[in-house]
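Presented below is the structure to which this report refers.
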2 protein chains.
Amino acid sequence: MKTKKKLSPKQERMLEFIRGFMAENGLPPTVRDIQYACGISSTSVVDYNLRLLQRDGFLRRRPDVARGIELLDKEGRSAGFLPQIPVMGYIAAGEPLPGPSNDGWTQEPIETVELPRHMADSKKNLYALRVKGTSMIDALIDDGDLVLVEPTHDVRNGDMTVAWLKLEQEATLKRIYREGSRVRLQPANSQMEPIYTDASNVETRGRVVAVLRTL
Amino acid sequence: MKTKKKLSPKQERMLEFIRGFMAENGLPPTVRDIQYACGISSTSVVDYNLRLLQRDGFLRRRPDVARGIELLDKEGRSAGFLPQIPVMGYIAAGEPLPGPSNDGWTQEPIETVELPRHMADSKKNLYALRVKGTSMIDALIDDGDLVLVEPTHDVRNGDMTVAWLKLEQEATLKRIYREGSRVRLQPANSQMEPIYTDASNVETRGRVVAVLRTL
DNA sequence: CTTGCCCTAGAACATAAGTTCAAAGGTGAA
DNA sequence: TTCACCTTTGAACTTATGTTCTAGGGCAAG
């Protein structure tokens, strides 16, 4: 997407500075920070141009709030801090691993990651699991990959799901297919056999919405 | 990693609030924001506990700066804003695509993404490309995935690289193998043939360091 | 009990930082 | 020129916000 509106050189410079300042300092600049950095003679000029930038949708200002500048991206969403996604543990993609408590991964996260905004969506309460094993290799998920999970019980046939086997007290990462009163948990690895079990024995803990891999 | 030091319930709550506030509002809270949110009776109590939290390495404070709180992660690094990584265009993982200018992807990014900090490393000047085609399918990279590229000429045999074919004026994503004066560009797809070309015709534009996929 | 230490109170203070105003300068259209 | 309209100035004003101070409460060790 191109620039949504032509800006004066001064406004370009201000935006550029604000972005840099936030990346460097972790908080928005003050009006006077902008003034000095951009060589502007008066705070009122900064205020004036901030007003214009706000009018044109590049940022939002909170009245009477120190450093109350919020940058907006092209879609008008806030470009501020990212949610920290907890990595709640390991998920067996090979043999099922004993899952922690009966209530999912309610304990301490083993680490946390920040996510690209287009993956995050703070409303969804995502969490992450690190994959052990290669049962999902044909779905392009490798051992060590991080899978992002949206906790929901509303999964459809074929969705990649975190499945909790009640009897076995184990969790596993598989594609799910409901077949009558039975459930088929299908690994994406041609060398592995699906797991069949009674529908009442399976609790879907979530659906995989993204994959991250560091080489 | 466990908690690096035991905190009072009040301090736990303060940290929790600060994190939430920053994620929600895009800037750090004021002392009084913390006071009201955590039901603390006096700003001086907040100040006192902030001092302790700083002493114990959970945050840093900038003196005399409004909202000058900076959260630190377990490694003591700033947990502030993330670098915006530009997505410079598409990379052919099937047939080579005509690459843009002769100087790599120097034009406008088609979009930008924010990255998990452990992937980012602001020093490395990373950029991203969106994958077209399925030539790297066996390397678990699918059509539509986002590959993170570290711009470097220092690539080793077998590295997944962004290769620029000078004669053809095309760029492609392949594993690279130098074989004498010749170079083999190997797709990770058993149904595709490698590309052989003279070493002088290949310029390595970078090395893939991470993969992101949204389902 | 007394002492020391950690924590809490409440207020006051100092200043960082957003906002406003009246006047003037620039510029292009009519 | 004259008239709009946008932009700049410099200063003053208001208040949001960090900081400091003094006093006191709670509690465990001695």
Side-chain angles (χ1 to χ4, degrees), chain A residues 5-22 24-72 78 80, chain B residues 3-22 24-72 78 80:
Chain A
K5 180 142 184 175
K6 63 176 190 293
L7 296 174
S8 77
K10 182 173 299 189
Q11 285 163 9
E12 292 270 20
R13 195 164 170 204
M14 285 173 58
L15 271 185
E16 191 49 47
F17 169 73
I18 295 172
R19 266 191 279 270
F21 188 98
M22 290 178 78
E24 189 162 342
N25 301 286
L27 45 65
T30 67
V31 169
R32 284 170 181 82
D33 287 334
I34 300 171
Q35 182 193 351
Y36 301 141
C38 300
I40 296 173
S41 57
S42 170
T43 58
S44 61
V45 175
V46 177
D47 182 72
Y48 175 75
N49 284 284
L50 284 177
R51 200 184 308 277
L52 298 186
L53 286 170
Q54 172 164 44
R55 184 199 60 190
D56 296 340
F58 291 94
L59 49 80
R60 196 179 311 154
R61 297 179 78 191
R62 276 164 248 224
D64 301 310
V65 169
R67 302 173 185 273
I69 294 175
E70 184 180 10
L71 284 180
L72 304 177
S78 163
Chain B
T3 353
K4 69 167 70 170
K5 179 143 185 175
K6 62 176 192 292
L7 295 175
S8 77
K10 182 173 299 189
Q11 284 164 9
E12 292 270 21
R13 194 164 170 204
M14 284 173 59
L15 271 186
E16 191 49 46
F17 169 72
I18 295 171
R19 266 191 280 271
F21 188 99
M22 290 178 78
E24 190 162 343
N25 300 287
L27 44 62
T30 67
V31 170
R32 283 169 181 84
D33 287 334
I34 301 171
Q35 182 193 351
Y36 301 141
C38 299
I40 296 172
S41 57
S42 170
T43 58
S44 64
V45 175
V46 177
D47 183 72
Y48 175 76
N49 284 284
L50 283 178
R51 200 183 308 278
L52 298 187
L53 286 169
Q54 173 165 43
R55 184 199 61 190
D56 296 341
F58 291 93
L59 50 81
R60 197 178 311 153
R61 297 178 76 190
R62 278 165 245 224
D64 301 311
V65 169
R67 302 172 186 273
I69 294 174
E70 184 179 10
L71 284 180
L72 304 177
S78 164

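Keep in mind that this is a model prediction, so the values were computed, not measured. Below, read A as the first sequence line, B as the second, and so on, with proteins coming before strands; counting in each chain starts at 1.
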For [X] and [N], what is the distance between atoms [atom1] and [atom2] respectively, to the nearest whole Å?
X	N	atom1	atom2	result
Asn49(B)	dA9(C)	CG	P	11 Å
Arg61(B)	dG18(D)	CZ	P	8 Å
Asp33(B)	dT17(D)	CG	C1'	10 Å
Lys10(A)	dG26(C)	NZ	P	13 Å
Glu70(A)	dG18(C)	CD	P	15 Å
Leu7(A)	dC6(D)	CG	P	16 Å
Leu50(B)	dT20(D)	CG	C1'	15 Å
Tyr48(A)	dT7(D)	OH	P	3 Å

Residue pairs passing the salt bridge (charged side-chain N to carboxylate O under 4.0 Å, His left out) test with at least one member in residues 41-52 of chain A, sequence neighbours excluded, are Asp47(A)-Arg51(A), Asp47(A)-Arg61(A)
Between dT20(D), dT8(D), dT20(C), which nucleotide gets closest to the side-chain atoms of Val45(A)? dT8(D)
For the side chain of Arg67(B) and the backbone of Pro28(B), is there at least one donor-acceptor N/O pair under 3.5 Å apart? yes
Run the side chain to side chain donor-acceptor pair (under 3.5 Å) test against Ser44(B) and tell me which residues pass, sequence neighbours left out. Ser42(B)
When you compare the protein's N or O atoms with those of nucleotides 12-16 of chain C, which come within less than 3.5 Å of each other, and at what distance?
none

Are Ser8(B) and Arg13(B) packed together at the side-chain level, in the sense that at least one heavy-atom pair is separated by less than 4.5 angstrom? no
With a 4.5 Å heavy-atom cut-off, do Ile18(A) and Leu50(A) have their side chains touching? yes
Run the ring pair (Phe, Tyr, Trp, His ring centres under 6.0 Å) test against Phe17(A) and tell me which residues pass, sequence neighbours left out. Phe21(A)
Does Ile69(B) reach a base, just sugar-phosphate, or nothing at all? Heavy atoms under 4.0 Å. nothing
Please tell me which of Ser44(A) and Arg62(B) maps to the more 5' nucleotide of DNA chain D, matching each residue to the nucleotide holding its nearest heavy atom. Ser44(A)
Under 3.5 Å, which donor-acceptor pairs do the side chains of residues 31-40 of chain B form with other protein atoms, sequence neighbours left out?
unit_1, atom_1, unit_2, atom_2, d
Asp33(B), OD2, Thr30(B), N, 2.9
Asp33(B), OD2, Thr30(B), OG1, 3.2
Gln35(B), NE2, Ser41(B), O, 3.2

